[in-house]
There are 2 protein chains.
Amino acid sequence: MASIEDVARATGVSTATVSRALRGLASVAEPTRVRVQKAAQSLGYVPSAAASSLASGRTKAVGLVTPHVSRWFFSVCIETIESVLRTEGYDVLLVILPPGDQLEPGPGAVTPPSRQTIETDLLRKRVDATIVLTLPLVRRELETLRGLGHAVVYVGDLVPGLPSFGIDDVAVGRRATEHLLRLGHRDIALVGSNGEDPDGWGPPRDRYRGYVQAMGAAGLDPLPPVRCDLTVAEGRRAARELLTGGPLPTGVVAVSDEIGIGLLHELRSAGVDVPGRVSVIGVDDHPHADLHGLTTIAQPVAEQAEAAARWLLALLQRVRVTGGRLPAGWDSQQERLPVHLVERRSTAVPASLVNP
Amino acid sequence: MASIEDVARATGVSTATVSRALRGLASVAEPTRVRVQKAAQSLGYVPSAAASSLASGRTKAVGLVTPHVSRWFFSVCIETIESVLRTEGYDVLLVILPPGDQLEPGPGAVTPPSRQTIETDLLRKRVDATIVLTLPLVRRELETLRGLGHAVVYVGDLVPGLPSFGIDDVAVGRRATEHLLRLGHRDIALVGSNGEDPDGWGPPRDRYRGYVQAMGAAGLDPLPPVRCDLTVAEGRRAARELLTGGPLPTGVVAVSDEIGIGLLHELRSAGVDVPGRVSVIGVDDHPHADLHGLTTIAQPVAEQAEAAARWLLALLQRVRVTGGRLPAGWDSQQERLPVHLVERRSTAVPASLVNP
DNA sequence: CTGTTAGCGCATTCAT
DNA sequence: ATGAATGCGCTAACAG
């Protein structure tokens with residue numbers, strides 16, 4: 001395994017020059033650089049990340065913390081972020097942290113890993129920064145992240161105290177509801193939020209708030225939300241709840257497309273005409289939304305992830321030139337990306353207006 | 001940022017003892033261990049991964065190379081592998097390597113990253129081992145992986161020269177076809193393979209071979225495969241191709257459920273009754289297969305990933321005790337996990353037999 | 001533009 | 001069971 005000394009010997013320069021040449025620092029004569037690169041190439045030399053980190057204090061790695069990888073939003077974020085960071089030479093350390101539950105004690109001899117130890121032990125000293133994807137955080141976790149001593153960015157929601165890239169979820173809820181209102185619906189329910197429940201969390205809660213706003217502005221009473229996890233299976237369950245729980249609304253806002261798709265299927269298999277009897281609107285513009293003809297509020301997922309990654313890269317750059325200290329106010333960035341309505345075949349004028 | 005020396009001073013022992021105590025080595029007196037752990041805890045000491053790697057030669061990290069993260073098979077593998085490795089204290093370095101295409105040159109001053117540099121530079125010295133998920137490998141890449149100098153495991157196909165965990169894809173194609181044959185179909189097509197095309201690749205090619213075998217055993221002539229990428233959108237395209245390209249078969253084997261779902265939708269929106277006019281069978285048992293009533297050959301994805309991860313962990317353990325050298329024959333492991341048929345509503349006896 | 005000199009923070013001998 | 005000494009391979013001053 002060739003080391004930097006081998007390259008230095010082969011080139012007849014010092015290891016310092018090899019290091020500089022290979023990193024592309026300006027202060028190396030062009031011919032020298034070329035010779036060094038050639039030698040490194042032919043020796044198959046690859047710098048040791050460990051040695052480099054130890055000497056420089058930088059790891060050239062970023063932690064990516066996510067509660068899921070198979071759900072659409074998260075997988076898109078992961079792909080986008082990995083690609084942006086990789087381009088700039090950063091490695092991605094993937095950390096999957098299931099929402100809400102403590103990890104099981106492992107068979108290891110050492111202390112079993114908990115959320116706490118993962119947050120600190122793993123991320124501290126191993127990475128130069130951390131990106132967190134829409135993970136419900138309790139206050140203590142937020143403090144832990146801020147105490148990591150390096151930059152942390154949040155994607156998918158706006159969380160106070162952390163630089164965040166997301167969308168305006170209140171506006172999303174409002175616009176989805178308004179679309180149904182404009183079509184003439186007055187009896188509108190929302191599926192997939194805990195409402196103002198103290199356990200309620202970020203996006204679903206904010207979308208419900210938008211729904212409440214829109215209903216209020218139309219002089220209508222908002223219904224309490226139908227609780228439901230953001231999955232197709234849960235959407236189906238919610239549909240059954242809707243079908244058996246009193247009069248069916250004519251319009252339904254699903255806080256995510258996955259819920260919307262579940263709703264669509266279950267309502268139709270129960271013989272309910274969508275959009276004839278019930279209109280359904282989702283949020284996301286999931287790739288399958290088109291397949292199912294689901295009207296939705298599209299959110300730019302890759303764009304959120306890319307904006308966050310690029311912003312982080314720029315911050316890391318500034319940190320480097322300022323000698324490792326995070327600039328004041330680094331954590332005040334809050335960016336909302338625009339959403340837009342995508343009309344498909346799951347929403348229509350309510351039957352009562354078509355055949356009065 | 002507390003260092004091992006701080007802990008040593010606080011405890012009144014040497015750094016060597018701190019190191020041993022914190023790693024749970026046997027040769028430390030119980031009371032000493034406790035004192036050290038307490039001190040480390042209260043000082044918030046976290047060992048530096050870089051220093052530890054440099055000193056020990058082990059990184060406690062594993063590279064995970066995948067062509068996709070949003071596709072179901074891959075996301076399940078990623079989640080499973082991360083979880084298994086994390087439990088044993090290994091970090092996961094995620095590397096997304098799009099199949100087939102060279103990466104674009106980045107804006108960096110250094111050589112733009114290519115598949116080649118990623119395979120070597122990134123993985124060599126940064127990780128103790130690498131797991132590769134069903135990525136079409138050309139021979140050179142395979143050699144590169146083997147030349148990495150550390151353990152490499154392949155998941156999702158059986159590749160000669162690399163320890164592999166997968167399923168019997170020929171049998172999968174055979175069983176899917178046999179299911180249709182048993183129902184009475186004779187006019188059966190397969191969608192999603194390049195057949196014996198030299199560019200053809202692993203699982204789809206093997207599943208086509210199984211189809212050919214089953215057709216042959218039934219005394220029928222196999223049709224050339226309908227080419228199609230393994231996505232819903234491509235499945236829809238393939239359906240249109242089927243609809244316009246001569247007589248429609250009565251049975252269709254889709255080499256993946258995503259294709260199958262696309263087929264189902266497009267056929268039905270064209271007014272073709274499934275399974276009345278055409279039966280469709282997929283492969284995977286994708287979570288959405290149930291939603292669509294798609295009959296399929298289920299494969300155990302999490303199990304493949306877990307088997308590979310655990311096998312790797314065991315190998316790494318052996319490597320450690322033998323002083324860092326890979327044991328002879330480490331690369332000869334080839335494991336096939338069982339699949340099974342899941343009958344749903346997309347396959348039935350052909351109409352010709354129902355109304356003779 | 002290049003060489004010299006020091007560590008970076010640990011794990012590991014080899015002692016005891 | 002514990003301590004002292006050594007070096008992993010590189011980068012960062014500091015000279016020149």
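Hydrogens, waters and symmetry mates are skipped; everything else that's a heavy atom, side chains included, is used. The chains referred to below are lettered A, B, ... by the order of the sequence lines, with proteins before strands, and numbering in each begins at 1.
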Going 5' to 3' along nucleotides 11-16 of chain D, which nucleotides have protein heavy atoms under 4.0 Å from the base (write B), which only from the sugar-phosphate (write S), and which from neither (write -)?
SBB---
Quick check: closest heavy atoms across Lys60(A) and Glu88(A), and the distance to 0.1 Å?
NZ-O, 3.3 Å
What is the separation between atom CD on Glu5(B) and atom C1' on dA4(D), rounded to the nearest whole Å?
12 Å
Could you tell me whether the phosphate oxygens of dG3(D), OP1 or OP2, come under 4.0 Å of any side-chain nitrogen or oxygen in Ser14(B)?
yes
So do the side chains of Tyr45(A) and Pro47(A) get within less than 4.5 Å of each other, counting heavy atoms only?
yes
Between P of dC8(D) and CE of Met1(A), the distance in whole Å
15 Å
Between CG of Leu54(A) and P of dC10(C) the distance, given in whole Å, is 9 Å
Minimal non-hydrogen separation, Pro67(B) against Leu133(B), with atom names:
CD-O, 3.4 Å
Correct closest heavy-atom pair for Val127(B) and Gly63(B) would be CG1-N, 3.5 Å
List the residues meeting side-chain contact (heavy atoms from CB on, under 4.5 Å) with Thr322(B), not counting sequence neighbours, and say none if there are none.
none
Can you tell me if Ser83(A) uses its side chain to pair, donor with acceptor, with the backbone of Glu79(A) under 3.5 Å?
no
Please determine if a side-chain N or O atom of Thr32(B) lies less than 4.0 Å away from the OP1 or OP2 oxygen of dT2(D).
yes
Whichever of Ala26(A) and Ser3(B) has the more 5' nearest nucleotide on DNA chain C, that residue is Ala26(A)
Arg126(B) has an atom CZ; how far is it from atom P of dC8(D), in whole Å?
20 Å
With sugar-phosphate meaning primed atoms plus P, OP1 and OP2, does Thr17(B) contact a base, only sugar-phosphate, or nothing at under 4.0 Å between heavy atoms?
sugar-phosphate
